[in-house]
Amino acid sequence: MIPESTSETATRVAATVPGPRPVVAAPTVIGVSIAVPEPWATEIQDLRAGYGDPLARAIPTHVTLLPPTQLAAEALPRIGEHLRRVAAGQAPFRMQLRGSGTFRPVSPVTYVKLDQGLRECRVLEAAVRAGPLARELAFPYHPHITVGHGLPEDVLIRAESELRGYWAEFEVTSFSLYRFGADEVWRPMRAFDLSG
């Protein structure tokens with residue numbers, strides 16, 4: 001038997017209690033990322049769409065600091081305070097994108113590589129994924145910008161080849177808390193300015 005979730009248990013118990021039914025809040029799925037600014041955000045999103053990635057328009061162009069994480073909605077104020085403290089401890093930094101890479105055969109992903117800003121992303125990721133957001137990762141953290149995920153092998157190979165000469169550079173001044181919507185689109189909830 002598959003164990004039921006906390007919300008399923010609450011619903012089942014509520015059904016046996018006479019009187020008004022309590023409202024059980026659905027869990028919230030969040031992520032924390034550095035948004036890639038324009039014009040590169042749209043450029044990379046268009047590339048991702050051009051390779052046929054169905055998630056291209058649902059996921060803003062970003063460097064992940066915390067992958068999708070489920071939590072109770074009432075935890076959001078505490079999470080916001082945690083992220084504010086993290087941002088206050090990190091100064092703005094330069095990010096340079098250069099070339100492409102892949103996680104194949106471990107994971108069907110082709111990405112744009114970070115050539116500058118790797119150390120700062122690793123420091124931020126470790127600080128974000130601590131305290132109330134402490135969790136294990138499926139893979140070691142490797143900052144990158146996805147341009148193809150779960151696509152046919154030949155498409156991932158072509159994307160990696162075509163993006164070998166990719167280059168962009170910009171200043172990172174903030175990161176954002178994102179929420180996964182019922183329409184399966186990721187949207188920013190709040191930005192946190194780097195002020196360390």
Close side-chain approach of V36 and M95, heavy atoms under 4.5 Å
no
With a 6.0 Å cut-off on the ring centroids, do H142 and Y111 count as close?
yes
Looking at R78 and E81, is there a salt bridge between them, counting it only when a charged N and a carboxylate O are closer than 4.0 Å?
no
Would a single hydrophobic cluster contain both F180 and I30, if residues Ile, Leu, Val, Met, Phe, Trp and Tyr are joined by side-chain heavy-atom contacts under 4.5 Å?
no
Taking atom NE2 of H144 and atom NE2 of H62, what is their separation to the nearest 0.5 Å?
7.0 Å
Quick one, V128 with F192, criterion side chain to side chain contact (heavy atoms under 4.5 Å, CB included). Give me CA distance, side-chain angles, the key distance, then yes/no.
CA-CA 12 Å; V128 166; F192 297 86; over 6 Å; no
Do L71 and L66 belong together in a cluster built from hydrophobic side chains that touch within less than 4.5 Å?
yes
Taken to the nearest 0.5 Å, the spacing of R179 CZ from M189 CE works out to 4.0 Å
About how many Å separate CZ of R94 and CD of E120, when rounded to the nearest 0.5 Å?
11.5 Å
T110 side chain vs L156 backbone, donor-acceptor pair below 3.5 Å:
yes
Minimal heavy-atom distance between W186 and P68, with the atoms involved, is CZ2-CG, 3.7 Å
Measure across T61 and A41 and return the closest heavy-atom pair with its distance rounded to 0.1 Å.
OG1-O, 2.8 Å
Can you check whether R119 reaches F93 side chain to side chain, under 4.5 Å on heavy atoms?
no
Taking all non-hydrogen atoms of both residues into account, name the closest pair between A35 and Y178 and its distance.
CB-OH, 3.5 Å
Following the transitive rule for hydrophobic clusters with a side-chain heavy-atom cut-off under 4.5 Å over Ile, Leu, Val, Met, Phe, Trp and Tyr, establish whether L76 and L133 coincide in one cluster.
yes
Is there a donor-acceptor contact under 3.5 Å from the side chain of Q45 to the main chain of A56?
yes
Answer whether the closest heavy-atom distance between the side chains of S100 and V147 falls below 4.5 Å.
no
State whether the number of non-hydrogen atoms from other residues, nucleotides or ligands found under 6.0 Å of R135 atom CZ is greater than 12.
yes
So, taking the atom named OG1 in T173 and the one named CD in Q90, what distance separates them when rounded to the nearest 0.5 Å?
11.5 Å
Counting heavy atoms not belonging to E184, are there more than 12 under 6.0 Å from its CD?
no
Separation between CD (E171) and CD (E169), nearest 0.5 Å, reads 9.0 Å
Heavy-atom pair with the smallest gap, counting every atom of A91 and G196:
CB-O, 3.3 Å
If I compare all heavy atoms of F175 with all of L83, which pair ends up nearest, and what's the gap?
CZ-O, 3.5 Å
Hey, mind stepping through S33 and T64 against side chain to side chain contact (heavy atoms under 4.5 Å, CB included) and telling me if it holds?
CA-CA 4 Å; S33 298; T64 299; 4.2 Å; yes
For V109, does its backbone N or O pair with a side-chain atom of S107 as donor and acceptor, under 3.5 Å?
no
Is there a path of hydrophobic side-chain contacts, each under 4.5 Å between heavy atoms, that joins L194 and V32?
yes
D53 side chain to H149 backbone, donor-acceptor under 3.5 Å
yes
Determine, step by step, whether L114 and L97 satisfy the side chain to side chain contact (heavy atoms under 4.5 Å, CB included) criterion, reporting the C-alpha distance in whole Å, the side-chain angles of both residues, the deciding distance to 0.1 Å, and the verdict.
CA-CA 5 Å; L114 273 65; L97 313 179; 4.0 Å; yes
Compare all side-chain heavy atoms of R129 with those of L137 and state whether any distance is below 4.5 angstrom.
yes
Residues I34 and S174: closest non-hydrogen pair is CG2-O, 4.1 Å
Out of curiosity, does I44 fall in the hydrophobic cluster containing V185 (side-chain heavy atoms, cut-off under 4.5 Å, transitive links)?
no
Would a distance-only check, ignoring hydrogens and angles, find a side-chain to backbone donor-acceptor pair under 3.5 Å from T69 to P67?
yes
I'd like to know if the side chain of Y166 reaches the main chain of K113, judged simply by a donor and an acceptor atom lying under 3.5 Å from each other, with no hydrogens or angles considered.
no
With sequence neighbours left out, write down each residue that passes side chain to side chain contact (heavy atoms under 4.5 Å, CB included) with T42, or none if nothing qualifies.
E38, D46
